[in-house]
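Report on the structure given below.
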Amino acid sequence: MASLDIFLFSLSTTFCTPFAVYIQIQGCFICLTLALGWALASYVRNREIKQMKDAMKNGNSLSFLCHDINELEHSYQANLPRVTVVMPLKGFGEHNLHNWRSQITSLYGGPIEFLFVVESTEDTAYRAVSRLISEFKDDVDVKVIVAGLSTTCSQKIHNQLVGVEKMHKDSKYVLFLDDDVRIHPGSIGALTREMEKNPQIFIQTGYPLDLPSGSLGSYCIYEYHMPCSMGFATGGRTFFLWGGCMMMHADDFRQDRYGVVSGLKDGGYSDDMTLAAIAGAHKRLITSPPVAVFPHPLASDLNFGRYWNYLRKQTFVLESYTTTVNWVMNRALFGVHCYLSWGFVAPFFMATIHLAAAFRFYSLGYSLEEVTYTPAGLSLVSFLAICTLVELLSMWNLTRIEVQLCNMLSPEAPQLSLAAYNWCLVFIALLVDNFLYPLSAIKSHFSQSINWSGIWYYLRDGKIIKIERTERGKDMTPVFTDLGGKHLYGKKGIPAKGSFLSSLSRSIAQWHQPKKFDN
């Protein structure tokens with residue numbers, strides 16, 4: 001027997017020990033738990049679809065705006081509260097104009113203003129949004145605001161806070177939207193309606209439905225978001241918050257209630273993590289209505305390196321915190337997520353060894369009776385395959401329902417199609433993303449620094465203590481953002497062609513560089 005055969009024999013035998021069997025069964029349990037979560041989320045989203053269909057059967061052809069057609073009466077619309085929509089911008093990409101148009105052409109019937117906030121007039125978003133505003137200046141109350149450079153918090157948070165300072169004095173609610181969010185005609189009305197029904201709501205949020213562009217990187221991002229989606233498909237109370245869509249009481253910012261302004265301004269890196277921590281500390285309510293799911297088209301040239309940069313930013317948020325309790329929760333999330341990620345991947349590695357060993361010994365003419373460990377290993381492989389299939393079917397079903405819901409909520413928009421999803425790439429992305437997440441989280445923990453759209457942020461004790469802006473053209477300065485493929489520096493920028501491995505190697509090199517702020 002060759003040395004390779006002996007190695008496969010010993011490894012496959014090891015993977016049949018009680019502890020290894022436990023790891024493999026645990027992986028199956030993770031698959032089934034995800035499948036159950038997505039099934040419950042599908043039920044909530046599908047219930048909303050049925051309610052819309054029932055309303056249409058009863059004569060309400062505008063059920064995509066509201067279930068009760070009486071709410072479209074002028075007497076009702078005239079009493080709707082004023083809303084300010086704040087959209088912090090950075091760069092300009094292939095989907096931005098479509099997204100921005102969906103935001104400013106909302107069919108909300110009450111008074112509303114839209115504030116696009118950019119860092120400077122040199123931002124490529126400034127010229128693009130200025131042209132868009134010129135098209136709608138006579139029909140929509142929309143402005144572009146130059147916020148300047150942030151000094152104590154992330155640039156996104158700085159833009160948001162400047163937008164809040166400039167909002168109308170009579171605005172009752174403020175809605176923060178990311179510039180890569182494509183909302184539905186009735187989204188702002190639906191969020192406002194829930195805020196009016198329950199004044200105890202602190203924040204209303206939603207979640208994106210990623211539309212992969214075909215690259216493995218885009219499917220990894222889709223897979224990364226899908227487990228979180230079940231936390232937003234509750235139809236009501238949730239503990240999760242997505243910074244791409246947050247509606248809040250305007251007076252909370254005017255009066256700095258619960259320290260929302262100071263908490264964000266004083267070293268804040270992540271808007272949603274900071275506000276979620278404040279909500280938890282003060283026992284405030286966060287809700288997510290079932291219609292708050294938004295198409296999120298990913299860049300057509302989203303490569304694997306940009307996916308890695310995005311993952312780094314996502315894991316880095318766990319390093320920012322506002323209180324000791326928040327720090328403990330982030331550490332718990334860090335440990336549990338890393339454990340479950342590798343706990344999900346390990347059984348597939350073991351299954352590969354079992355299959356390789358079975359194939360090898362079968363090709364050498366051994367029978368199953370002669371190799372007693374092979375049937376046990378193949379039984380575990382079969383169980384894992386069944387659980388994985390159940391998981392993928394549940395993910396497919398939730399995606400199918402959310403695609404249908406988005407199409408019903410935006411009947412005038414080009415219809416989304418489930419046929420565009422490649423489920424072989426989805427499965428590969430499941431393995432790749434869960435394998436890389438702990439590596440990214442560990443890297444974020446030890447580096448305490450991140451490059452976000454050409455700006456370096458350094459953390460200490462959970463807050464930003466240093467901001468460093470890399471000059472354009474220097475090494476490691478990104479030309480594109482991660483998801484939308486947005487140009488950060490106009491036509492002169494040259495897209496980075498480095499592979500994921502080169503991106504990872506440069507990140508590791510920077511990890512070992514001495515930090516300038518260290519004493």
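Bear in mind that the values here come from a model prediction, so they are computed numbers and not experimental data.
- Every residue was checked against the salt bridge (charged side-chain N to carboxylate O under 4.0 Å, His left out) condition with Arg47, not counting sequence neighbours, and none meets it.
- Considering only residues two or more places apart in sequence or on other chains, Phe348 meets the ring-ring contact (aromatic ring centres under 6.0 Å, His included) condition with Phe344, Phe427.
- Looking at residues two or more places apart in sequence or on another chain, you find no salt bridge (charged side-chain N to carboxylate O under 4.0 Å, His left out) involving Asp272.
- Looking only at side-chain heavy atoms (C-beta outward), Asn451 and Ile455 stay at 4.5 Å or farther from each other.
- Pairs engaging residues 229-245 under the side chain to side chain donor-acceptor pair (under 3.5 Å) rule: none recorded [sequence neighbours left out].
- Annotation: the span from Glu223 atom CD to His225 atom NE2 amounts to 10.5 Å, rounded to 0.5 Å.
- The heavy-atom pair separating Leu34 from Pro227 by the smallest distance is CD2-CB, 4.2 Å.
- Residues Thr322 and Thr274 are in side-chain contact: their nearest non-hydrogen atoms beyond the backbone lie under 4.5 Å apart.
- Side chain of Ser320 to backbone of Val317: a donor-acceptor contact under 3.5 angstrom is found.
- Taking CD of Gln103 as the reference point, atom CZ of Phe294 lies at 10.0 Å (rounded to 0.5 Å).
- With hydrogens and angles ignored, the 3.5 Å screen pairs a side-chain donor or acceptor of Asp256 with a backbone N or O of Val261.
- Looking at heavy atoms from C-beta onward, Asp433 lies in side-chain contact with Tyr307 at the 4.5 angstrom threshold.
- Evaluation of the side-chain contact (heavy atoms from CB on, under 4.5 Å) rule for Ala351 yields Val381, Leu384 as partners, not counting sequence neighbours.
- Here the shortest heavy-atom pairing between Thr315 and Ser444 reads OG1-OG, 2.9 Å.
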The test is ring-ring contact (aromatic ring centres under 6.0 Å, His included); show your working for Phe383 and His354 and say whether it passes.
CA-CA 13 Å; Phe383 185 44; His354 287 313; over 10 Å; no
Apply side chain to side chain contact (heavy atoms under 4.5 Å, CB included) to Ile450 and Lys313, showing your working.
CA-CA 7 Å; Ile450 192 71; Lys313 289 191 297 185; 4.0 Å; yes
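- The local environment of CE in Met329 is sparse, with at most 12 non-hydrogen atoms from other residues, nucleotides or ligands closer than 6.0 Å.
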Would Leu430 and Leu392 count as a side chain to side chain contact (heavy atoms under 4.5 Å, CB included) if you check the C-alpha gap in whole Å, the side-chain angles of each, and the deciding distance to 0.1 Å?
CA-CA 10 Å; Leu430 279 168; Leu392 288 173; 3.7 Å; yes
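- Ser447 contributes a side-chain N or O that, together with a main-chain N or O of Lys443, makes up a donor-acceptor pair within less than 3.5 Å.
- Remark: His184 pairs with Ser410 by the side-chain hydrogen bond (donor to acceptor under 3.5 Å, both in side chains) rule, at least two apart or across chains.
- Within the structure, every pair that satisfies the salt bridge (Lys or Arg N to Asp or Glu O under 4.0 Å) test and touches residues 314-339, not counting sequence neighbours, is listed here: Glu319-Arg331.
- Across all non-hydrogen atoms, the minimal contact from Met395 to Trp423 is SD-CZ3, 3.9 Å.
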Give the C-alpha distance, both sets of side-chain angles, the deciding distance and a yes or no for side chain to side chain contact (heavy atoms under 4.5 Å, CB included) between Met273 and Leu241.
CA-CA 7 Å; Met273 291 292 283; Leu241 183 60; over 6 Å; no
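- Within 6.0 Å of CZ in Phe334 there are more than 12 heavy atoms belonging to other residues, nucleotides or ligands.
- Closest heavy-atom contact between Cys31 and Glu391: SG-OE1, 3.4 Å.
- For the pair Leu191 and Pro289, the minimum side-chain heavy-atom distance is below 4.5 Å.
- Ring geometry for Tyr458 against Trp456 counts as parallel: the plane angle stays under 30°, on a 0 to 90° scale with 60° as the upper cut.
- Lys265 has its side chain out of reach of Ile157: every pair of non-hydrogen atoms, C-beta onward, lies at least 4.5 Å apart.
- Of all the heavy atoms in Ile183 and Ser102, the pair that sits closest is N-OG, 3.2 Å.
- A donor and an acceptor atom, one from each side chain of Ser300 and Ser213, are nowhere located under 3.5 Å apart.
- For the pair Asp210 (side chain) and Pro212 (backbone), a donor-acceptor distance under 3.5 Å is absent.
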Step by step, would you call Val21 with Leu380 a side chain to side chain contact (heavy atoms under 4.5 Å, CB included)?
CA-CA 8 Å; Val21 170; Leu380 291 170; 3.9 Å; yes
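- For the pair Cys338 and Trp342, the minimum side-chain heavy-atom distance is 4.5 Å or more.
- For the atom pair Glu194 CD and Asn198 CG, the distance stands at 8.5 Å (nearest 0.5 Å).
- Between Met226 and Thr399, the closest side-chain pair of non-hydrogen atoms falls below 4.5 Å.
- Here the side chains of Ile286 and Ile201 are not in contact, with every heavy-atom distance at 4.5 Å or above.
- Between Tyr457 and Tyr269, the two ring planes are perpendicular [angle over 60°; tilted spans 30° to 60°].
- Here the OH-CG distance, from Tyr421 to Leu418, works out to 7.0 Å after rounding to the nearest 0.5 Å.
- Note that the OG atom of Ser218 and the CG atom of Leu211 stand 10.0 Å from one another [nearest 0.5 Å].
- Looking at Asp178, its side chain never comes within 3.5 Å of a backbone N or O of Val181 through a donor-acceptor pair.
- In this structure, a donor-acceptor pair under 3.5 Å is absent between the side chains of Asp180 and His95.
- The minimum heavy-atom distance between Ser150 and Gln155, with the atom names listed, is N-OE1, 3.0 Å.
- For the pair Asn159 (side chain) and Pro88 (backbone), a donor-acceptor distance under 3.5 Å is absent.
- Every residue two or more places apart in sequence or in another chain that forms a ring-ring contact (aromatic ring centres under 6.0 Å, His included) with Tyr173 is listed here: His249.
- Remark: Arg45 engages Glu402 in a salt bridge (charged side-chain N to carboxylate O under 4.0 Å, His left out) (not counting sequence neighbours).
- Applying the side chain to side chain donor-acceptor pair (under 3.5 Å) test to residues at least two apart or on different chains, the pairs with a partner in residues 280-291 are Gln204-Thr287, Tyr258-Arg284.
- Put simply, SG on Cys220 and CG on Leu425 are 9.0 Å apart, with the number rounded to the nearest 0.5 Å.
- Between Phe232 and Tyr207, the ring-plane angle classifies as parallel under the 30° and 60° cut-offs.
- For Tyr224, the side-chain hydrogen bond (donor to acceptor under 3.5 Å, both in side chains) criterion is met by no residue, not counting sequence neighbours.
- Judged by the 6.0 Å and 45° rule, Arg400 forms a cation-pi pair with Trp396.
- With sequence neighbours excluded, the residues satisfying salt bridge (charged side-chain N to carboxylate O under 4.0 Å, His left out) with Asp271 are Lys156.
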